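Here is the structure we will look at.
Numbering of residues begins at 1 and proceeds along the displayed sequence. Small disclaimer: the values here were computed from a predicted structure and weren't measured.
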Amino acid sequence: MPRATTRPQPAGREPGAAPAAPLAPTPSQTIGPFFGYALPFPGGGQIAPAGHPDTVTVHGLVRDGTGAPVPDALLEFWQAGPDGSLTGAPGSLRHDPATGAVIGRDGVDFTGFGRVPTDADGRYVLRTLPATAPAGRPDAAPYLAVCVFARGLLHHLATRVYFPEHATANAADPLLGQLPTERARTLLARADGPGRYRFDVQLQQTADGTHEETVFLAFR
C-alpha cells in the first residue's frame, strides 16, 4: 500500500521553516570582449614604415546606438600596397623566438594590416600610407577595408574608408555608386588637417537621427 514519505530538507533548514528566497538569475552576457588581453599587438596602429614621408593619420570615434563612445572596440584595417598589390608583406605579428612574446612589426616593411583598439573615450588612431585601389580593379576608388569588433556584436562588421581627394574615382566606384548620397557619405573620411583624416564608425543610427549608421557590408 502507498506509504507517506518526508521530503528531505535542504542542509541548514529546520523542519517547518519558511522556504529560502530564490536566487537571482545570473545576468545575461555577450561573448567577450577579450580584446585587451591577447589581440592588440605592439605598433598595431603603425602600418606605415617608420619615418615614411608619405605617412597619413586616420583617426576617429566609435559610437553605439545611443551616441555614446565604445571604449572597448577593436578595429582591423587592410589596404593594398602602393603598387595595388593585396599580398602584403609578412611581419605584423612577429614573436620573440626565445620567449614567444609578441613584439609586433619590424617598422620597415609595409604589411598592409593594422589592428587598433579604441581608448577609454572610444577613439582610435591609425598611421598608414595613402590608400590605393587594388590592382586589377580599374573601376575601384582607393579605400581602406575595416573590420569592427565590439561589445554586443556576436559577428564582426565590415566597412570601408574612402577619401575626399579622389572625388572622380569615388563617383565611379561600384560600391559608392549604388548608395544614396547620404549613405555613401558615411564611408567618406573628411580632411582634418595636412595628412590627417577623420572617420567615425557609427554602429547604429541614434534615435534622434543625429548620427546615421555607417554602411556595413555583407560578403557572399
Side-chain angles (χ1 to χ4, degrees), residues 35 39-62 73-94 102 104-118 123-150 156-179 184-202 214-219:
F35 312 135
L39 292 181
F41 63 95
Q46 307 289 336
I47 300 180
H52 198 290
D54 296 332
T55 299
V56 297
T57 298
V58 180
H59 69 104
L61 182 68
V62 179
L74 187 76
L75 286 74
E76 288 189 348
F77 293 86
W78 293 272
Q79 67 182 98
D83 60 353
S85 170
L86 293 176
T87 57
S92 292
L93 300 173
R94 296 182 309 137
V102 177
R105 63 182 86 248
D106 61 15
V108 176
D109 295 315
F110 179 77
T111 67
F113 171 75
R115 181 183 288 159
V116 188
T118 55
R123 299 186 180 277
Y124 74 91
V125 178
L126 179 78
R127 292 183 174 85
T128 188
L129 297 184
T132 55
R137 292 287 308 279
D139 57 342
Y143 67 86
L144 306 182
V146 188
C147 188
V148 182
F149 303 84
H156 58 268
L157 300 173
T159 189
R160 289 181 178 179
V161 186
Y162 291 86
F163 296 86
E165 64 267 30
H166 303 295
T168 300
N170 289 344
D173 185 86
L175 172 61
L176 292 179
Q178 66 179 299
L179 296 172
R185 193 177 297 120
T186 68
L187 300 182
L188 190 65
R190 68 175 188 268
D192 188 32
R196 287 169 49 99
Y197 300 91
R198 173 77 181 259
F199 182 78
D200 294 338
V201 177
Q202 184 67 36
T214 300
V215 169
F216 296 108
L217 311 176
F219 293 92

Worksheet item: Does Phe163 reach the side chain of Val56, with side-chain heavy atoms less than 4.5 Å apart?
Response: no
Worksheet item: What pairs with Phe199 under ring pair (Phe, Tyr, Trp, His ring centres under 6.0 Å), at least two apart in sequence or on another chain?
Response: none
Item to complete: Please name all residues satisfying side-chain hydrogen bond (donor to acceptor under 3.5 Å, both in side chains) with Thr128, sequence neighbours left out, ordered by chain then number.
Response: Gln79
Fill in: Sequence-distant partners of Thr55, side-chain hydrogen bond (donor to acceptor under 3.5 Å, both in side chains), two or more places apart
none
Response to the item:
Sorted by chain and number, sequence neighbours left out, ring pair (Phe, Tyr, Trp, His ring centres under 6.0 Å) with Phe113 holds for Trp78
Discussion item. Using only atom types and a distance under 3.5 Å, with no angle test, would you say the side chain of Thr214 pairs donor to acceptor with the backbone of Thr186?
Written reply: no
Practice prompt. Applying ring pair (Phe, Tyr, Trp, His ring centres under 6.0 Å), name anything that partners His156, two or more places apart in sequence or on another chain.
Written response: Phe149
Worksheet item: Does the side chain of Val125 come within less than 4.5 Å of Thr57's, by heavy atoms?
Response: yes
Worksheet entry | Partners passing salt bridge (Lys or Arg N to Asp or Glu O under 4.0 Å) against Arg190 (at least two apart in sequence or in another chain) | none
Worksheet item: Would a distance-only check, ignoring hydrogens and angles, find a side-chain to backbone donor-acceptor pair under 3.5 Å from Thr159 to Phe216?
Response: no
Worksheet item: Taking only residues two or more places apart in sequence or in another chain, which ones pass side-chain hydrogen bond (donor to acceptor under 3.5 Å, both in side chains) with Glu76?
Response: Arg115
Fill in: Listed partners of Phe110 passing ring pair (Phe, Tyr, Trp, His ring centres under 6.0 Å), at least two apart
none
Discussion item. Within the 4.5 Å heavy-atom criterion, are Val215 and Arg160 side-chain neighbours or not?
Written reply: no
Practice prompt. Could you tell me which residues satisfy salt bridge (Lys or Arg N to Asp or Glu O under 4.0 Å) with Arg123, sequence neighbours excluded, listed by chain and number?
Written response: none
Practice prompt. Just jot down the side-chain hydrogen bond (donor to acceptor under 3.5 Å, both in side chains) partners of Arg127, sequence neighbours excluded, or say none.
Written response: none
Worksheet item: At what distance, to the nearest 0.5 angstrom, does NE2 of His59 lie from CG of Asp192?
Response: 3.5 Å
Fill in: With sequence neighbours excluded, residues passing salt bridge (Lys or Arg N to Asp or Glu O under 4.0 Å) with Asp54
none
Fill in: salt bridge (Lys or Arg N to Asp or Glu O under 4.0 Å) partners for Arg185, two or more places apart
none
Worksheet item: Side chains of Leu126 and Leu75: closer than 4.5 Å at any heavy-atom pair?
Response: no
